[in-house]
Amino acid sequence: MQRPPEQPQTVHEVLARSYLWFLILCSAGLFFDLFFPLYISLPHAQTLGTILLVGAPVLILWAQSASYRFAQERERRASVTEAMFMYGPYKFLRNPTHIGLTLLIWGYAFVTSSELLFITTLAATLISNWYFRKHEVLLEEKYGEPYRRYRASVNTFM
C-alpha cells in the first residue's frame, strides 16, 4: 500500500506548493489560449494591462524586500513582535506577493486580450489562497500571539 503524500510542514514548503500551483494553472491558461482563444473586450484593457504590468512587479519586489527585512530583524531579536510583521506592504495586506503575481498575470492577460488566461489566473489565485491559509496556520504555530494580533489587524485582499 502506497503512503499518501505528506502535508508540507514548513512555511516555505507551503509557499512553494502555492506558487507551483499558480505557475501550473497560469501556464495551462497560456497553453490553452493558443488553441481556444477567447478575447477580452473591455475598453482600455491594454492601458489597464500596462499599468498592472508596471505596478505589480513593484508590489512583489516591495513585499520580498519587506520579508527579507523581517528575517534580518528576527535574527537580531530574541522574540518576535507584532510590529515586525508590519514591514512594507504587509502593513496593509497579509498576502502582497500573491496579489502582485495575480495582478501581473492579469496585466498580461489584458494586454494580450486573453480571457482564458484571466480565468485560469483567477483559479490559480483561489488555489494559492487556499494554500495561504495553511501558511497562516503554520505562522501562527511558529510565532503565536504576535502573529495572531497582526493577523487580526491586517486583512487579506483576496
Side-chain angles (χ1 to χ4, degrees), residues 8 10-74 80-140 143 146-147 149-158:
T10 69
V11 170
H12 293 316
E13 287 174 3
V14 171
L15 289 175
R17 286 186 186 193
S18 169
Y19 294 135
L20 178 63
W21 275 108
F22 194 89
L23 174 66
I24 290 169
L25 287 170
C26 290
S27 297
L30 285 171
F31 178 76
F32 287 116
D33 189 57
L34 293 172
F35 301 104
F36 309 105
L38 300 171
Y39 298 105
I40 296 173
S41 60
L42 293 174
H44 308 293
Q46 290 190 336
T47 302
L48 175 60
T50 302
I51 291 168
L52 292 175
L53 283 173
V54 171
V58 171
L59 177 59
I60 294 167
L61 291 172
W62 188 25
Q64 294 305 303
S65 172
S67 292
Y68 178 72
R69 185 173 169 202
F70 171 75
Q72 288 181 320
E73 187 73 20
R74 191 181 66 223
V80 173
T81 65
E82 177 185 347
M84 291 171 65
F85 293 103
M86 300 279 235
Y87 292 134
Y90 292 94
K91 292 178 200 173
F92 315 105
L93 305 164
R94 291 196 319 258
N95 57 347
T97 303
H98 286 86
I99 293 167
L101 287 172
T102 299
L103 295 176
L104 180 67
I105 303 300
W106 278 351
Y108 182 77
F110 285 135
V111 166
T112 60
S113 297
S114 174
E115 189 174 322
L116 194 56
L117 180 57
F118 183 87
I119 292 167
T120 56
T121 303
L122 179 60
T125 299
L126 294 173
I127 290 171
S128 184
N129 281 333
W130 179 75
Y131 273 103
F132 183 74
R133 304 293 182 241
K134 290 182 175 187
H135 167 256
E136 287 193 318
V137 168
L138 291 173
L139 287 174
E140 193 171 318
Y143 298 115
Y147 185 76
R149 285 193 308 269
Y150 164 73
R151 187 176 172 183
S153 67
V154 177
N155 293 318
T156 58
F157 184 70
M158 294 182 188

In the structure I gave you, are the side-chain heavy atoms of [X] and [Y] within less than 4.5 Å of one another anywhere?
| X | Y | result |
| --- | --- | --- |
| Leu53 | Leu104 | yes |
| His98 | Leu15 | yes |
| Asp33 | Leu116 | yes |

Shortest non-hydrogen contact from [X] to [Y]?
| X | Y | answer |
| --- | --- | --- |
| Gly107 | Leu52 | CA-CB, 3.6 Å |
| Gly100 | Ala56 | O-CB, 3.3 Å |
| Ile40 | Ala45 | CG2-CB, 4.4 Å |
| Ala124 | Phe22 | CB-CD1, 3.7 Å |
| Leu42 | Phe110 | CD1-CE2, 3.8 Å |
| Tyr39 | Glu115 | O-OE1, 3.4 Å |

*Does atom OH of Tyr108 have more than 12 heavy-atom neighbours, drawn from other residues, nucleotides or ligands, at distances under 6.0 Å?*
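No, OH of Tyr108 has 12 or fewer neighbouring heavy atoms, counting only those of other groups under 6.0 Å.
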State whether the side chain of [X] and the backbone N or O of [Y] hold a donor-acceptor pair below 3.5 Å, judged by distance alone.
| X | Y | result |
| --- | --- | --- |
| Glu82 | Pro146 | no |
| Arg74 | Val80 | no |
| Ser65 | Leu61 | no |

*Apply side-chain contact (heavy atoms from CB on, under 4.5 Å) to the pair Ile127 and Arg17, showing each step before the final yes or no.*
CA-CA 10 Å; Ile127 290 171; Arg17 286 186 186 193; over 6 Å; no
*Judged by modelled atom types alone, do Gln64 and Tyr68 share a side-chain donor-acceptor pair under 3.5 Å?*
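Judged by distance alone, the side chains do not pair up.
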*asked:* Does Leu117 form a side-chain contact (heavy atoms from CB on, under 4.5 Å) with Leu30? I'd like the steps, not just the answer.
replied: CA-CA 6 Å; Leu117 180 57; Leu30 285 171; 3.7 Å; yes
*List the steps and the verdict of ring pair (Phe, Tyr, Trp, His ring centres under 6.0 Å) for Tyr131 and Tyr19.*
CA-CA 9 Å; Tyr131 273 103; Tyr19 294 135; over 10 Å; no
_Between Ser18 and His135, is the side-chain contact (heavy atoms from CB on, under 4.5 Å) condition met? List the steps._
CA-CA 9 Å; Ser18 169; His135 167 256; over 6 Å; no
How far does [atom1] of [X] sit from [atom2] of [Y], to the nearest 0.5 angstrom?
| X | Y | atom1 | atom2 | answer |
| --- | --- | --- | --- | --- |
| His44 | Ile51 | NE2 | CD1 | 10.5 Å |
| Leu122 | Ile105 | CG | CD1 | 13.5 Å |
| Glu73 | Arg69 | CD | CZ | 7.0 Å |
| Leu139 | Phe132 | CG | CZ | 7.5 Å |
| Ser67 | Gln72 | OG | CD | 11.5 Å |
| Trp106 | Cys26 | CH2 | SG | 10.0 Å |

*asked:* Consider ring-ring contact (aromatic ring centres under 6.0 Å, His included). Of Tyr90, Tyr143, Phe92, which one does Phe85 pass it with?
replied: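 Filter result, single survivor: Tyr143.
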*Can you list the residues that meet the side chain to side chain donor-acceptor pair (under 3.5 Å) rule with Tyr150, with sequence neighbours excluded?*
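Checked Tyr150 against side chain to side chain donor-acceptor pair (under 3.5 Å); zero matches.
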*Does the side-chain contact (heavy atoms from CB on, under 4.5 Å) test come out yes or no for Leu138 and Thr10, once each step is laid out?*
CA-CA 7 Å; Leu138 291 173; Thr10 69; 5.7 Å; no
